[in-house]
Amino acid sequence: MIVVMKRDATPEQIEHMVQRVTSLGLKPHVLNGVERTVVAAIGAERDGLKESLETGPGVAEVMPILAPYKIASREMKSEPTIVKAGSLKVGGVRVGVIAGPCSVESEEQLLSAAVACKAAGATALRGGAFKPRTSPYSFQGLKEEGLKLLAAARDATGLAIVTEVLATEDVALVARYADVLQIGARNMQNYRLLEAVGKAGRPVLLKRGPCATMEELLLAAEYVLDAGEPNVMLCERGIRTFESHTRFTLPLASVAYLHAKTHLPVVVDPSHGTGHTYLVKQMAAASIAAGADGLILEVHPDPENAHSDGYQSLNFKQFEETMIVCRKVAEAVGRQL
Ligand code: PEP
Ligand code: MN
């Protein structure tokens with residue numbers, strides 16, 4: 001249920017509603033909107049609940065939330081959520097650009113990528129220190145050493161750090177270095193991990209699982225929101241289909257769909273979404289035209305010799321060209337990049 005408080009509801013009346021919701025065995029979630037305050041009552045609904053909440057002091061209206069995800073829904077919050085993490089701003093008119101290598105490999109590799117990405121317009125640096133690899137024999141990441149290199153690159157450039165956390169036991173460690181915790185596609189439905197990152201006090205970039213529906217993605221986001229973290233970015237990174245000309249199939253309709261259903265910002269990953277360097281620029285531009293609030297792009301000083309995902313990474317010049325096209329598209333659709 002959503003309890004919409006009157007415009008002139010007092011802090012005491014809002015607090016009263018929070019207590020009332022709690023006493024009914026439901027979890028209160030307060031949202032202070034520009035217009036008015038909403039108190040969501042999350043939990044199993046029962047007969048008479050609506051009527052009971054309606055009688056509270058300062059209450060304007062009580063409505064059921066029809067979507068299965070509650071805190072993530074547009075019904076709960078109509079204004080878009082803007083996620084800020086240091087230099088990164090995603091949502092509203094701003095399009096955030098998270099760029100950098102798939103994996104952190106060395107100080108020189110990461111720092112040169114950070115400097116080049118920033119110069120071309122990136123607003124955050126990506127780089128995996130813990131890598132989820134299909135084969136156990138592939139490069140698994142530099143782990144804490146990689147996190148230290150990311151922190152050093154932030155010190156040198158001022159770029160916020162976005163990096164993946166693979167396991168619940170690593171959340172505290174990764175949160176010590178990162179500005180944004182990335183949940184990878186393979187972990188989208190690792191619910192204990194979602195709860196743990198939701199309590200880590202860092203914004204979260206949640207990637208869509210390659211076999212997950214939009215509803216499953218939104219319910220995964222709900223775990224993070226319910227655990228206490230309001231700053232969640234959803235990431236469309238492509239799904240698995242019968243089609244094999246690209247590594248994954250990148251459905252850009254999900255950007256518009258998600259904007260209709262949720263207030264959370266949507267980031268697109270055309271690198272994993274296509275799996276081919278030569279397709280990334282066009283799909284990055286198309287993502288912005290579709291309304292994406294952010295991009296995450298793999299950029300490497302020497303893609304041919306990358307430890308992971310070189311075949312879909314942009315070199316510095318290609319990234320610069322991509323940013324030039326994206327800026328023009330952003331301007332055409334009333335966004336800033
Ligand atoms: C990555 O960002 O390098 C990554 C592993 O992405 P995904 O989880 O989308 O496969
Ligand atoms: Mn990658």
Side-chain angles (χ1 to χ4, degrees), residues 88 90 96-105 109-110 113 117 122 124-136 138-143 146-147 150 160-167 170 174 178-190 193-194 197 203-212 216-217 220-221 224 232-241 246-252 254-255 266-277 279-280 283-284 287 292 294-315 319:
L88 180 68
V90 173
V97 179
I98 306 161
C102 177
S103 307
V104 178
E105 298 169 10
Q109 172 246 17
L110 187 68
C117 289
L125 177 68
R126 64 151 288 147
F130 290 87
K131 292 305 300 177
R133 303 307 300 279
T134 304
S135 164
S138 299
F139 176 60
Q140 301 288 314
L142 296 179
K143 313 213 164 83
L147 296 173
L150 284 162
I161 299 304
V162 180
T163 195
E164 178 162 355
V165 56
L166 265 187
D170 299 330
V174 179
D179 299 291
V180 174
L181 300 175
Q182 174 177 326
I183 296 293
R186 293 161 178 86
N187 266 319
M188 190 205 85
Q189 287 177 305
N190 182 339
L193 180 60
L194 296 176
V197 297
V204 173
L205 178 75
L206 177 63
K207 296 188 104 180
R208 178 186 190 176
C211 297
E216 286 164 343
L217 172 63
V224 181
V232 178
M233 296 171 268
L234 303 171
C235 179
E236 175 57 83
R237 47 76 74 210
I239 52 173
R240 184 153 280 176
T241 69
T246 48
R247 183 181 180 190
F248 295 96
T249 295
L250 184 62
L252 292 183
S254 46
V255 177
V266 183
V267 173
V268 178
D269 176 347
S271 305
H272 292 85
T274 63
H276 296 288
T277 300
L279 299 174
V280 171
M283 295 315 290
S287 303
L295 293 172
I296 179 164
L297 294 163
E298 288 186 338
V299 180
H300 195 285
D302 180 14
E304 206 178 332
N305 289 301
H307 288 13
S308 61
D309 288 353
Y311 48 82
Q312 65 190 30
S313 298
L314 304 172
N315 62 29
F319 178 63

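What you are looking at is a predicted structure, and each value in this text was computed from that prediction instead of being measured. When a ligand or atom number is given, it counts from 1 through the structure's own listing order.
In terms of protein heavy-atom proximity, atom 4 (C) of ligand 1 is nearest to H272 NE2, 3.4 Å. Residue, atom and distance of the protein heavy atom nearest to atom 2 (O) of ligand 1 are R126 NH1, 2.8 Å. Nearest protein neighbour of atom 8 (O) of ligand 1, counting heavy atoms only, is A185 N, 2.7 Å. Remark: minimum distance from atom 6 (O) of ligand 1 to any protein heavy atom is reached at K207 NZ, 2.9 Å.
Residue G184 approaches ligand 1 through these ligand atoms, each under 4.0 Å from one of its heavy atoms: 8 (O). Remark: ligand 1 atoms within the under-4.0 Å shell around heavy atoms of R186 are 10 (O). Taking a cut-off of under 4.0 Å to the non-hydrogen atoms of Q182, the atoms of ligand 1 that pass are 1 (C), 2 (O). Less than 4.0 angstrom separates some heavy atom of E298 from each of these atoms of ligand 1: 3 (O).
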Would L147 and F130 count as a side chain to side chain contact (heavy atoms under 4.5 Å, CB included) if you check the C-alpha gap in whole Å, the side-chain angles of each, and the deciding distance to 0.1 Å?
CA-CA 9 Å; L147 296 173; F130 290 87; 3.9 Å; yes
Test log, rule side chain to side chain contact (heavy atoms under 4.5 Å, CB included), inputs L88 and M233:
CA-CA 12 Å; L88 180 68; M233 296 171 268; 4.3 Å; yes
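Counting heavy atoms from C-beta on, the side chains of L194 and L206 come closer than 4.5 Å. Side-chain atoms of E164 and R126, non-hydrogen and from C-beta on, never get closer than 4.5 Å to each other. Side-chain atoms of L110 and L125, non-hydrogen and from C-beta on, do get closer than 4.5 Å to each other. Counting only heavy atoms from C-beta outward, the side chains of H276 and Y311 never approach each other to under 4.5 Å. The side-chain heavy atoms of D179 and P203, taken from C-beta on, include no pair separated by under 4.5 Å. Contact check for E216 versus R208: no side-chain heavy atoms found under the 4.5 Å cut-off. Within the 4.5 Å cutoff, no side-chain heavy atoms of S271 are placed close to those of I296. Proximity of C102 to K131: side-chain heavy atoms (C-beta onward) are separated by under 4.5 Å at one or more points.
The shortest N or O to N or O distance between C102 and ligand 1 is not below 3.5 Å. Considering backbone and side-chain atoms together, D269 places no N or O closer than 3.5 Å to any N or O of ligand 1. At under 3.5 Å, not a single nitrogen or oxygen of E164, backbone or side chain, sits near a nitrogen or oxygen of ligand 1. Checking only distances, R237 does come within under 3.5 Å of ligand 1, N or O to N or O.
Remark: distances from the non-hydrogen atoms of G128 to ligand 1 are all 4.0 Å or more. Not a single heavy atom of R208 sits less than 4.0 Å from an atom of ligand 1.
Side-chain contact check for H307 and Q109: no donor-acceptor pair (N or O, by modelled atom type) lies under 3.5 Å. In the model, H272 has a side-chain atom that pairs as donor or acceptor with a side-chain atom of D309 under 3.5 Å.
Looking only at protein N/O/S atoms, the ones less than 2.8 Å from the Mn ion (ligand 2) make 4 in total.
Once rounded to the nearest 0.5 Å, the distance linking NE2 of H300 with OG1 of T277 reads 11.5 Å.
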